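Below is one structure, written out as structure tokens; comments come after it.
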Amino acid sequence: MVTLYEMTTFVLLLMLYLTAKAVDRITGWRYFPGFIKKAGSPLSSFYTRAVKLLDHRRTGTISRINLIELSIRNMKSKKTRTVVTVGGMMIGIGTIVFLVSIGYGLQQLVIIRVARLEEMRQADVAPQTGGKLKITDETLANFKDITSVKMSLPLIAVVGRVNYQNSVSDMAVYGVTTDYLKESAIKPIQGKIFDSNELTVKVPEKTGQVAGAYIESTSGEVGDKIQDIDYLIDQSSWIRVREDASTSAKILGYTKRVEGSSTGEEIWGSKYLSDTGAGVAGETESGTTVGKWIKAPVLLWKEQSCDLESDGDCEDGKYVVLRDDEGRQVQEEGYFAQINVKIRGAEIRKSPQVLGDTTEESSQSAEFVANTDSSIDWVEIASESGIIQTQDIKTVELASSAKKQAVVNRAMLKVLGINENEAVGKRFTASFVVVGDLLSESQEKIESAPTEYTIVGVTPEEKSPIFYVPFMDLRSLGVTNFSQVKVVVQNQSELAKTRQQIEAMGYVTRSVADTVAQINSLFATARTILMLLGMVALSVAALGMFNTLTVSLLERTREVGLMKAMGMKSSEVQELFLTESMIMGFFGGILGILIGYLAGKLVGLALSFFAIVKGVGFVDISYIPLPFVLVVVFLSLLVGIVTGIYPAKRATKISALNALRYE
């Protein structure tokens with residue numbers, strides 16, 4: 001029985017033989033340059049060594065190269081029969097290649113239309129509908145802690161009220177960074193995208209202004225103590241505790257709110273993302289940005305999936321009490337950022353319109369109390385806007401640092417009646433409505449004061465009117481929760497595992513990879529059906545080859561007897577017939593691949609003609625991946641072996657004496 005090794009060496013030997021014959025034919029031309037003929041000696045030496053290497057196992061019998069040469073001579077002697085047999089194989093294999101290449105081509109065409117290569121490394125993360133879990137700065141930090149995550153790009157979605165030439169329209173507004181637009185392949189056809197990748201606001205040093213809660217920039221070195229504080233962790237929040245005041249320091253565990261007052265020290269540490277500015281509250285003398293951290297002894301839990309019913313140390317199904325050797329809960333001094341934490345702050349002067357006024361007497365941390373009752377002296381760090389009105393809808397001003405630039409789409413320009421070619425540089429007035437889901441207080445509703453925006457770019461979308469503004473323009477309104485996050489991983493192969501990790505945190509993910517997977521599944525089924533149809537033609541070709549080899553054996557009975565009489569072994573006769581069948585299968589497969597490929601390209605050209613007329617452009621619906629080519633070559637050889645086994649075995653049973661008498 002022919003092994004895989006023998007099939008592989010046979011193909012290599014056949015290709016070497018054909019290449020050598022082609023080179024001999026070309027160099028034998030009398031007009032061929034003589035100096036190139038002289039350079040052929042090393043090639044001849046390489047051919048000899050390669051044949052010896054591939055045929056070294058065959059001792060005491062005829063070599064494979066001699067069998068190949070003898071088989072080709074026999075095939076040349078019956079040219080018509082050989083051409084018909086190889087042609088049948090070519091048509092069968094060509095049909096399979098053509099149909100399957102159309103399947104691969106259409107699949108590739110659809111995927112290219114649906115997704116870019118970069119999108120296969122991206123996933124959009126959103127909170128579960130109706131869930132309490134939100135996307136905050138802490139969430140972004142958690143995502144970045146995943147080793148495979150390259151970037152976490154948040155998005156804020158609000159309703160914008162646009163006023164242009166006294167015509168007011170409501171439309172969707174997305175607060176994004178420049179990186180978000182680039183990763184989403186949002187490319188303007190006019191103008192450019194804005195330049196803004198800031199995620200937190202660093203508020204300048206100002207005093208005596210009526211404003212919201214902002215962090216006054218203060219100088220200090222990492223590790224310096226700011227003040228002694230009382231703190232309270234938000235209900236249902238888990239805080240990551242580190243070994244040092246740095247986002248890269250070792251995580252000791254997690255802690256949560258405990259009953260009663262907790263005390264600690266406020267110190268300077270590395271910067272971090274926060275919705276209050278505490279993460280970028282100061283600078284060192286050298287100009288390095290630093291943030292405010294809390295240093296305190298805390299009880300520790302470890303993050304671990306657990307069962308609330310069977311495990312008494314399990315809390316929230318994700319955290320387990322961290323115990324020492326004596327079974328007591330571990331308490332260590334650690335450091336944690338001022339995220340989801342309330343600390344004791346300054347009192348507020350009552351005002352119906354503002355949360356407080358910042359003066360030089362305000363505390364460094366700029367925290368404000370919730371009310372004037374001295375018995376409840378806890379406050380939550382206020383948002384950047386810091387403006388709270390007694391009305392249900394509160395009007396706030398955009399931060400002075402807002403860029404006030406917008407990238408709009410064609411649909412919006414049509415609504416506003418602005419010419420696309422004249423849009424860049426045009427101005428419109430917009431106000432943004434922020435609902436409670438994006439704010440720290442779910443009952444609040446904020447609307448920004450009308451602000452003039454300049455159009456800097458136009459995108460080609462025409463479905464719904466939308467526009468993009470810098471992320472910090474909307475963030476400065478007091479937004480603490482984000483609508484969604486675009487997570488970008490290092491490699492496409494890591495996306496599925498990363499999504500599983502994020503979904504385990506309680507979030508919902510979606511990716512273009514899901515659509516691509518469905519497309520691949522659909523076309524895999526379609527290719528299977530097309531291949532089965534092509535197999536019908538290949539079966540007919542295989543029967544034709546079997547018939548040809550069987551008839552050839554009857555015609556060559558005397559020849560077989562003569563070869564045996566001259567000393568050829570029955571096994572060598574069998575190998576001769578198998579070699580002939582494999583050569584015809586190989587040539588049929590190679591020619592079939594070429595015919596199927598060319599037929600697919602011709603169909604693509606024909607369709608492209610109509611597509612170009614319709615303005616779609618060139619359409620390529622034929623594609624043959626290399627693994628499929630190798631499979632087809634293997635299939636061709638397999639058909640050759642299967643159809644040649646019976647005639648080859650029958651040839652071994654022919655008696656030399658009877659064969660010589662055969663007429």
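Starting from 1, each residue takes its place in the sequence as its number. Note that this is a predicted model, so its numbers are computed, not measured.
Contact record, L199 with P154: CD2-CG, 3.6 Å, taken as the closest heavy-atom pair. The two residues I624 and S101 come nearest to each other via the heavy atoms CG1-CB, 3.6 Å. Q122 approaches V488 most closely through the heavy-atom pair CG-CG2, 4.0 Å. Taking all atoms of both residues into account, the shortest heavy-atom contact from Q128 to V508 is CG-CG2, 3.4 Å. Closest heavy-atom contact between T528 and A524: OG1-O, 2.9 Å. Scanning both residues, M412 and V408, for their nearest heavy atoms gives SD-CG1, 3.5 Å.
When atom types are taken as modelled, the side chain of T139 and the backbone of T136 share a donor-acceptor pair closer than 3.5 angstrom. Under the 3.5 Å distance criterion, the side-chain polar atoms of N409 are matched with a main-chain donor or acceptor of S464. Although no hydrogens or angles enter the test, the distance criterion places no donor-acceptor pair under 3.5 Å between the side chain of Q190 and the main chain of A423. No side-chain donor-acceptor contact under 3.5 Å links N197 to the backbone of T177. Looking only at distances, no side-chain donor or acceptor of S511 sits under 3.5 Å from a matching main-chain atom of D514. Proximity of a side-chain donor or acceptor of T82 to a complementary backbone N or O of M75 within less than 3.5 Å is detected. Using a distance-only test at 3.5 Å, with no hydrogens or angles considered, a donor-acceptor pair links the side chain of T95 to the main chain of I91. A donor-acceptor pair under 3.5 Å is formed between the side chain of T178 and the backbone N or O of F194. Side chain of K134 to main chain of P127: no donor-acceptor pair is present (N/O by atom type, distance under 3.5 Å, no hydrogens or angles). The backbone N or O of G640 sits less than 3.5 Å from a side-chain atom of T643, completing a donor-acceptor pair.
Residues P627 and V631 fail the side-chain proximity criterion, which asks for heavy atoms closer than 4.5 Å. Residues V456 and V407 have side chains in contact (heavy-atom distance under 4.5 Å, counting atoms from C-beta outward). The side-chain heavy atoms of N491 and R121, taken from C-beta on, include no pair separated by under 4.5 Å. Residues V633 and I593 are in side-chain contact: their nearest non-hydrogen atoms beyond the backbone lie under 4.5 Å apart. Under the 4.5 Å side-chain criterion, counting only non-hydrogen atoms from C-beta, V176 is not in contact with I186. Inter-residue side-chain proximity for L543 and N547 is flagged as unmet; no heavy-atom pair is nearer than 4.5 Å. Between L538 and M89, the closest side-chain pair of non-hydrogen atoms falls below 4.5 Å. Using a 4.5 Å heavy-atom threshold, the side chains of D437 and N481 count as separate.
Side-chain contact of T498 with S148: a donor-acceptor pair under 3.5 Å is present, judged by distance alone.
By the ring-ring contact (aromatic ring centres under 6.0 Å, His included) test, F98 pairs with no residue at all, sequence neighbours left out. For D124, the side-chain hydrogen bond (donor to acceptor under 3.5 Å, both in side chains) partners two or more places apart in sequence, or in a different chain, are K486.
For M505, the CE atom sits in a packed shell: over 12 heavy atoms of surrounding residues, nucleotides or ligands are nearer than 6.0 Å.
Identified under the ring-ring contact (aromatic ring centres under 6.0 Å, His included) test for residues 487-546, with sequence neighbours left out: F143-Y507, F546-Y646.
Aromatic ring orientation, Y468 versus Y174: tilted (interplanar angle from 30° to 60°).
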Run the side-chain contact (heavy atoms from CB on, under 4.5 Å) test on K601 and Y597 for me, step by step, so that the C-alpha distance in whole Å, both residues' side-chain angles and the decisive distance to 0.1 Å come before the verdict. CA-CA 6 Å; K601 293 300 179 183; Y597 175 78; 3.3 Å; yes
What do the steps show when you test T459 against E461 for side chain to side chain donor-acceptor pair (under 3.5 Å), and what is the final call? CA-CA 6 Å; T459 62; E461 295 92 358; 2.3 Å; yes
Full working for side-chain contact (heavy atoms from CB on, under 4.5 Å) between S581 and I641: CA-CA 6 Å; S581 64; I641 293 170; 5.7 Å; no
Between L155 and F482, does a side-chain contact (heavy atoms from CB on, under 4.5 Å) hold up when you go through it step by step? CA-CA 6 Å; L155 174 144; F482 312 135; over 6 Å; no
Go through the steps for L109 and D620 under the test side-chain contact (heavy atoms from CB on, under 4.5 Å), then give the verdict. CA-CA 7 Å; L109 184 65; D620 187 5; over 6 Å; no
ring-ring contact (aromatic ring centres under 6.0 Å, His included) for Y623 and F628? Distances and angles first, verdict last. CA-CA 10 Å; Y623 171 69; F628 178 67; 9.9 Å; no
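Considering NZ of K150 and CD of E494, their distance stands at 11.5 Å, rounded to 0.5 Å. For the atom pair CD1 of I72 and CG of L18, the computed distance is 5.5 Å after rounding to the nearest 0.5 Å. Summarising the geometry, atom NZ belonging to K187 is positioned 11.0 Å from atom NZ belonging to K182; distances are rounded to the nearest 0.5 Å. Note that CD1 of I146 and CD of Q501 are 5.0 Å apart. Values are rounded to the nearest 0.5 Å. Rounding to the nearest 0.5 angstrom, the gap separating the CD1 atom in I93 from the CE atom in M535 is 8.0 Å. If you take CD1 on I65 and CG on L14, they are separated by 8.5 Å, rounding to the nearest 0.5 Å.
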